[in-house]
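Just so you know, these numbers come straight off a predicted model, no measurement behind them. We count residues from 1, following the sequence as given.
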Amino acid sequence: MQEFYKTFPEEKTVEPTIDFIFEKKLFLSQFSSLTEIDLSYSNLEIIPEHNFALPFLKELNLRNNRLCVLPKDFLAQCCALKKLHLGHN
C-alpha cells in the first residue's frame with residue numbers, strides 16, 4: 001500500500017483488501033488524507049482502535065461484515081465523517 005500511495009499521492013479513495021490491512025499490520029492512519037474507505041464484504045469482526053485516526057475521512061463503508069461493536073472513540077477520531085455505512089452486520 002505504501003508503494004501505491006507513493007505512486008498516487010493525490011489518491012483520496014481506497015478499497016484495500018482486509019488481508020492487506022490487518023495481516024500486513026497496515027495502519028490506515030498512515031494515510032491521513034484519505035476521504036473514502038470501502039471495507040465492505042471483508043468479514044470484519046472487530047475494528048482496531050488505532051486504525052482510524054483519519055481527520056479527513058468523509059465516507060466509510062463497513063457494510064456486510066460481522067461487526068457487533070465499534071471502538072470507544074471511533075467517531076471522535078473521524079471528525080469529518082459524513083457517511084458511515086453499517087448495514088448487514
| query | How far apart are the C-alpha atoms of Leu81 and Leu60, what are their side-chain angles, what is the distance that settles it, and do they pass the side-chain contact (heavy atoms from CB on, under 4.5 Å) test? | reply | CA-CA 8 Å; Leu81 194 64; Leu60 177 59; 4.1 Å; yes
| field | Joint hydrophobic cluster, Leu39 plus Leu75, side-chain heavy atoms closer than 4.5 Å | value | yes
| field | ILVMFWY cluster, Tyr41 and Leu67 together (side-chain gap under 4.5 Å) | value | no
Could you measure the distance from the [atom1] atom of [X] to the [atom2] atom of [Y]? Nearest 0.5 Å is fine.
X	Y	atom1	atom2	answer
Glu59	Ile37	CD	CD1	10.5 Å
Cys79	Leu57	SG	CG	9.5 Å
Lys58	Cys78	NZ	SG	13.5 Å

| Taking Leu44 as the fixed residue, which of Asn89, Asn65, Asn64 is the one that meets the side chain to side chain contact (heavy atoms under 4.5 Å, CB included) rule? | Asn65
| CZ/Phe74: more than 12 non-hydrogen atoms of other groups inside 6.0 Å | yes
| task | Carefully, step by step, assess Arg63 and His88 under the rule side-chain hydrogen bond (donor to acceptor under 3.5 Å, both in side chains). | result | CA-CA 6 Å; Arg63 288 183 183 118; His88 302 283; over 6 Å; no
| How far apart are the C-alpha atoms of Leu86 and Leu70, what are their side-chain angles, what is the distance that settles it, and do they pass the side-chain contact (heavy atoms from CB on, under 4.5 Å) test? | CA-CA 10 Å; Leu86 293 169; Leu70 294 175; 4.2 Å; yes
| query | Any idea which heavy atoms bring Ala80 and Pro55 closest together, and the distance? | reply | CB-O, 3.3 Å
| said: Strictly distance-based, threshold 3.5 Å: is any side-chain N or O of Ser40 a donor or acceptor partner for the main-chain N or O of Asp38? | reply: no
